[in-house]
Amino acid sequence: MSYPLVCLGNPLLDLQVDVESDFLRKYDLKDNDAILAEEKHLPIYGEVLQNKSLQLLAGGAAQNTARGAQYILPENSVVYFGAVGKDVYAEKLTEANTKYGLKTQYQVLEEQSTGKCAALIYNHHRSLVTDLGAANHFKASHLQKPENWEFVSNAKYFYIGGFHFTVSPEAIQLLGKHAAETNKVFAINFSAPFIPQFFKDPLDAAIPYTDFVIANESEAAAYAESHSLDLAPTDVVGIAKHIAQLPKVNSARSRTVVFTQGTEPTVVVTTVDGELVVKEYAIRELSADQVVDTNGAGDAFASGFMASLVLGEDVSKAVSRGQWAASVSIQCVGPAFPFPKVEY
Ligand code: 26A
């Protein structure tokens, strides 16, 4: 079986609820962030289960991107790897993935429970608090099993959710090396500010394999800070230029850095024949009443972007498809796309 796009990440079930700012303050949370749950956050999961607005939704950043890319692409285009338990949460994920036609090759860990993410919606913001559970135990050796490596060796594009740097940098290295050695496309997403901040070393070790780096403005700022760049944290173009020029293993492909900035234009920096080319693309505007929630907006952008690359389109089209996918997903509850399907 030949699926052009392989994605790797942490499969999670989102427990999405509407909250007031008091709730966020009580747990010391920002309006818009993504963190790993500490001891003090654990009561959140009990509280959200009591909340009348609770919705159980398939989540996990790279899994959202994988589902979204499969939504756009022809059947049998995307396969997703990650670790889950053997429980009703995993069944919920499988149900959603089946609806989108996403192929999963989960590592199933019977002793662990499937990971969960409290997605706390406050106005147009979302604060994500994750208990990784089984997802935290994914092993690179799962990819190396012959039945899984076949998907890897047949793929042409790889997409890694940055959140996976907290789990298996080894698996990311394995795929990055394979992509570079076989001249395939390797893309990563920073996923959250805490990745460049606290997982700097595994991130830096993966950058040389990347052909595409996707992130948002707050992740770019966190990168600049943790790498002590002599740039303002708001200088997204400068930060993108810096990353675009970092050493690269596969010199047959140039590196492109894509920074989304919420409602501000998407910044793209590419190296063409050693020269840096900077482009900015205005987003698709939505009126306030069209915005349902922004949970998964960045993942949806990455779905459209990656699907476009798989379709053989150029970077400007990929950004445009990404922006379209984000605007579609923002109009849905949680990290989802509408059925019946809408087309770009
Ligand atoms: C390691 N962490 C913290 C995470 C995540 C995560 N996915 C993987 N690892 N924290 C939140 N998410 C997912 O991000 C999506 C929105 O972009 C949530 O499950 C949510 O669906």
Side-chain angles (χ1 to χ4, degrees), residues 7-17 29-38 41-42 44-45 48 54-69 80-84 89-90 92-93 96-97 100 102 106 114-121 124-138 159-169 171-172 188-199 202-203 214-216 218-219 222 260 262 292-306 322 325-326 329-330 332-337:
C7 301
L8 170 67
N10 308 325
L12 304 174
L13 190 74
D14 284 3
L15 310 175
Q16 180 167 316
V17 293
L29 299 169
K30 294 183 190 151
D31 292 359
N32 231 341
D33 205 357
I35 62 161
L36 284 166
E38 296 165 32
H41 299 121
L42 296 180
I44 291 177
Y45 300 104
V48 299
L54 174 67
Q55 310 219 41
L56 299 187
L57 302 160
Q63 185 171 240
N64 298 338
T65 297
R67 271 198 325 280
Y80 172 78
F81 288 96
V84 294
Y89 279 17
K92 277 259 164 205
L93 295 185
N97 294 331
Y100 285 73
L102 174 66
Y106 287 142
T114 299
K116 55 187 188 287
C117 170
L120 310 169
I121 309 294
H124 291 167
H125 308 296
R126 94 282 181 269
S127 201
L128 308 170
V129 184
T130 294
D131 176 3
L132 277 171
N136 206 17
H137 300 273
F138 184 86
Y159 175 85
I160 315 292
F163 284 125
H164 204 73
F165 283 112
T166 71
V167 174
S168 181
I172 300 172
I188 66 164
N189 195 315
F190 283 178
S191 293
F194 85 87
I195 297 297
Q197 200 176 1
F198 299 120
F199 294 85
L203 173 63
I214 305 172
N216 69 23
S218 52
E219 295 149 14
T260 59
V292 175
D293 67 65
T294 55
N295 182 16
D299 306 333
F301 175 87
S303 326
F305 190 89
M306 292 308 298
S329 179
I330 287 170
C332 296
V333 175
F337 287 86

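When a ligand or atom number is given, it counts from 1 through the structure's own listing order. Note that the structure is a prediction, hence the values are computed from the model and not measured. This chain uses plain numbering: 1 for the first residue, then up along the sequence.
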Looking at [X], which atoms of ligand 1 are within less than 4.0 Å of one of its heavy atoms?
X: Cys117; result: 11 (C), 18 (C), 19 (O)
X: Gly59; result: 19 (O), 21 (O)
X: Leu36; result: 1 (C), 3 (C)
X: Asn64; result: 15 (C), 20 (C), 21 (O)
X: Asn295; result: 15 (C), 16 (C), 20 (C), 21 (O)

Out of curiosity, is [X] lining ligand 1, as in a heavy atom under 4.0 Å away?
X: Gly161; result: no
X: Ile35; result: yes
X: Gly296; result: yes

Just to be sure I'm reading this right: ignoring hydrogens, which of Thr130, Leu132, Asn136 gets closest to atom 3 (C) of ligand 1? Compare them by their nearest heavy atoms.
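The option holding the nearest heavy atom is Thr130.
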
Would you indicate whether the side-chain heavy atoms of [Y] and [X] approach each other to under 4.5 Å?
X: Leu56; Y: Leu15; value: yes
X: Phe198; Y: Thr166; value: no
X: Ser303; Y: Asn64; value: no
X: Thr65; Y: Phe305; value: no
X: Leu12; Y: Leu132; value: yes

When you measure from [atom] to every protein heavy atom, which one gives the shortest distance, and what is it?
atom: atom 13 (C) of ligand 1; result: Ala61 N, 3.5 Å
atom: atom 17 (O) of ligand 1; result: Asp299 OD2, 2.6 Å
atom: atom 20 (C) of ligand 1; result: Asp14 OD2, 3.2 Å
atom: atom 2 (N) of ligand 1; result: Phe163 CD2, 3.3 Å

How are the rings of Phe337 and Tyr100 set to each other: parallel, tilted or perpendicular (split at 30° and 60°)?
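Rings of Phe337 and Tyr100: perpendicular, as their planes differ by over 60°.
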
Tell me if a side-chain donor or acceptor on Ser127 pairs with a main-chain N or O of Leu120 at a distance below 3.5 Å.
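The answer is no, because no donor-acceptor pair under 3.5 Å joins these two groups.
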
If we ignore hydrogens and angles and just use 3.5 Å, is the side chain of Ser168 paired with the main-chain N or O of His164 as donor and acceptor?
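Flag not set: sc Ser168 to bb His164 has no pair under 3.5 Å.
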
Side chain or backbone of Leu57 under 4.0 Å from ligand 1, or both, or neither, by non-hydrogen atoms?
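No part of Leu57 is near ligand 1 at this cut-off.
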
Identified side chain to side chain donor-acceptor pair (under 3.5 Å) counterpart of Asp293 within the set His125, Gln16, Gln55, Arg126:
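With Asp293 as partner, side chain to side chain donor-acceptor pair (under 3.5 Å) holds for just one option, Gln16.
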
Indicate yes or no: does an N/O atom of Pro335 lie under 3.5 Å from an N/O atom of ligand 1?
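No - when backbone and side-chain N and O of Pro335 are compared with those of ligand 1, no distance drops under 3.5 Å.
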
Say whether Thr166, considering both its backbone and side-chain N or O atoms, lies within less than 3.5 Å of an N or O atom on ligand 1.
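No; the residue has no nitrogen or oxygen that sits under 3.5 Å from a nitrogen or oxygen of the ligand.
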
Against the six-membered ring of Tyr45, is Lys116 placed for a cation-pi contact (under 6.0 Å from the centre, within 45° of the normal)?
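Cation-pi check for Lys116 and Tyr45: passes.
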
